[in-house]
Amino acid sequence: MANHDVNLAARSGHLVESHRTHEPRVTFFYFALALLVVVLVTGLAYQQLVRSADHHETERTQNHRRVLVPGPRGNLYDREGRLLVGNLPRFSAVLYLDELRGEIYREFLKIRTAYRETRDRDLPTESQLRQIARVAVVQRYLDRVNAKLGRDAAVDGPRLKRHFERELLLPYPLLDDLAPAEYARLVEGLPVRSPLQVYAASSRSYPYGSAAAHTLGYVRIDDDPSADALPGEGLKTFKMKGASGKDGLERQFDSLLQGEAGGSIFRVDPAGYKINPPLEKLLPVQGKNLTTSLDIDLQITAEDAIAPPGHPDLAQ
């Protein structure tokens, strides 16, 4: 009986000893597991807390777009406060293409089905079919304008294609420089929420014609307006055309006369179509006015006096 107890004790001691020989391995396993958990938590914390701003900026750059609208230029007056150079509205019939996505897609499906039913081996590619659908939809809207104004304008296919690829968020001009009567007829019949609208830009006007033209100077088209007050300089930006001084007072005081551009920031889908409403919006501001030392009556009189015979009267 004593021997049995000794053997049992010896076996128990052996078992205990054997168990103890495995403890370092288990400890190492738990240590490695804890280390992996710490690394994982640290990595997640780094991505969420430290890199979150970088991820947010990357997403913003990919999904946000800026549209800039230049502000009107300031006016020029003579010493008596008479307007020498001002702004006149220039009206255009435009189409907001990003609002036509569904209509263009339905037209694409209809055209593709029609081509397939012909069983012609030389079918247009998907890209060509989409371009055909775009032209067809835009032409329908242009036909509405033609019917109201008595015109017969047609869509310029290559120009429309370039606009879709480069300036999708900008209004596509159907007809430029509408006469006042045409503007009135068109505005009267347009629904408020139609993708077809009348866009008003400003152009320089000279109430006294060419009087003092060498002093006043002129402007040129500016394709690169800036908007310091609108955030998002790193975003892909679409810009409406503005004007900058090229000569004379228009150039010398361009920084004063130049208006402050406004615009909007939109979220867009992967195809580049905007998701309304805009995330941010800033209205453009007209530039500052400039009063000169010119006397327009004296200027016209002087120019008439030195004009060669047969030269038209500047006062007319």
Side-chain angles (χ1 to χ4, degrees), residues 64-94 96 167 169-173 176-180 183 187 197-266 278-300 303 314:
H64 293 180
R65 300 289 183 269
R66 281 202 316 171
V67 177
L68 297 187
V69 180
R73 291 177 68 81
N75 299 327
L76 289 166
Y77 297 93
D78 80 343
R79 63 194 302 172
E80 300 296 334
R82 289 168 291 199
L83 182 64
L84 301 178
V85 183
N87 299 305
L88 281 179
R90 186 180 71 250
F91 299 107
S92 303
V94 300
Y96 288 87
E167 302 176 324
L169 296 189
L170 297 182
Y172 176 72
D176 291 319
D177 295 327
L178 298 177
Y183 162 76
V187 169
Q197 293 294 330
V198 175
Y199 178 79
S202 64
S203 60
R204 276 319 222 183
S205 67
Y206 304 89
Y208 295 94
S210 61
H214 60 290
T215 301
L216 299 175
Y218 60 96
V219 297
R220 64 179 175 183
I221 294 176
D222 183 7
D223 294 326
D224 192 26
S226 59
D228 297 334
L230 186 67
E233 291 185 1
L235 301 178
K236 183 175 181 180
T237 301
F238 300 86
K239 301 180 179 181
M240 302 292 292
K241 293 179 180 179
S244 60
K246 180 63 176 177
D247 196 12
L249 295 178
E250 289 274 26
R251 178 180 180 181
Q252 184 176 355
F253 294 96
D254 185 66
S255 59
L256 176 71
L257 297 168
Q258 190 67 257
E260 297 180 12
S264 303
I265 296 179
F266 293 95
L279 301 175
E280 295 188 49
K281 189 171 184 179
L282 178 67
L283 295 177
V285 179
Q286 183 172 358
K288 292 181 172 59
N289 298 326
L290 177 65
T291 300
T292 71
S293 60
L294 289 171
D295 185 311
I296 192 60
D297 290 338
L298 183 60
Q299 181 71 30
I300 292 175
E303 292 186 22
L314 291 175

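Below, each value reflects all heavy atoms present in this structure, side chains not excepted, and no hydrogens, waters or symmetry copies.
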Item to complete: Evaluate the side-chain proximity of Leu76 to Leu257: yes if any heavy-atom separation is below 4.5 Å, no if none is.
Response: yes
Worksheet item: Where is the tightest heavy-atom contact between Leu282 and Ala261, given as atom of each residue plus distance?
Response: CD2-O, 4.1 Å
Worksheet item: So how far is it from Thr237 OG1 to His64 NE2, rounded to the nearest 0.5 Å?
Response: 13.0 Å
Discussion item. I'd like to check Glu303 versus His214 (side-chain heavy atoms, cut-off strictly below 4.5 Å). Are they in contact?
Written reply: yes
Worksheet item: Any idea which heavy atoms bring Pro284 and Gly71 closest together, and the distance?
Response: CB-CA, 3.7 Å
Worksheet entry | Atom pair CG/OG1 of Asp247 and Thr215 - distance to nearest 0.5 Å | 9.5 Å
Atom pairs and distances, side-chain donor-acceptor, residues 238-246, under 3.5 Å, sequence neighbours left out:
residue : atom : partner : partner atom : Å
Lys239  : NZ   : Asp224  : OD1          : 2.1

Worksheet item: Which pairs, with at least one residue in residues 69-91 and sequence neighbours excluded, count as a ring pair (Phe, Tyr, Trp, His ring centres under 6.0 Å)?
Response: Phe91-Tyr183
Worksheet item: When rounded to the nearest 0.5 angstrom, what distance separates CD in Glu260 from NZ in Lys288?
Response: 6.5 Å
Worksheet item: Can you find a pair of side-chain heavy atoms, one from Gln197 and one from Tyr96, that are under 4.5 Å apart?
Response: yes
Worksheet item: Can you name the nearest heavy-atom pair linking Glu250 to Gly217, along with the distance?
Response: CG-C, 4.1 Å
Worksheet item: Is there a side-chain contact between Ser293 and Arg79 (heavy atoms, below 4.5 Å)?
Response: no
Worksheet entry | Interatomic spacing from CD1 in Ile265 to CG in Leu230 - rounded to 0.5 Å | 4.5 Å
Item to complete: Begin from the C-alpha positions of Asn87 and Gln286 and carry the test side chain to side chain contact (heavy atoms under 4.5 Å, CB included) through to its verdict.
Response: CA-CA 10 Å; Asn87 299 305; Gln286 183 172 358; 3.6 Å; yes
Discussion item. Taking Arg90 first and then Asp176, would you say they form a salt bridge - that is, a charged N and a carboxylate O separated by under 4.0 Å?
Written reply: no
Worksheet, complete the sentence: Nearest heavy-atom contact between Leu178 and Ser92 is CD1-C, 4.0 Å
Discussion item. Nearest 0.5 Å, please: how far is CG in Leu256 from CZ in Arg73?
Written reply: 9.5 Å
Response to the item:
Correct closest heavy-atom pair for Leu294 and Ala212 would be CD1-CB, 4.2 Å
Item to complete: For the pair Arg82 and Tyr208, evaluate side chain to side chain contact (heavy atoms under 4.5 Å, CB included) and give the outcome as yes or no after the intermediate values.
Response: CA-CA 10 Å; Arg82 289 168 291 199; Tyr208 295 94; 3.9 Å; yes
Discussion item. Once ring-ring contact (aromatic ring centres under 6.0 Å, His included) is applied, do any residues pair with Phe253, and if so which ones, sequence neighbours excluded?
Written reply: none
Worksheet item: When rounded to the nearest 0.5 angstrom, what distance separates CG in Leu169 from CD in Glu167?
Response: 10.0 Å
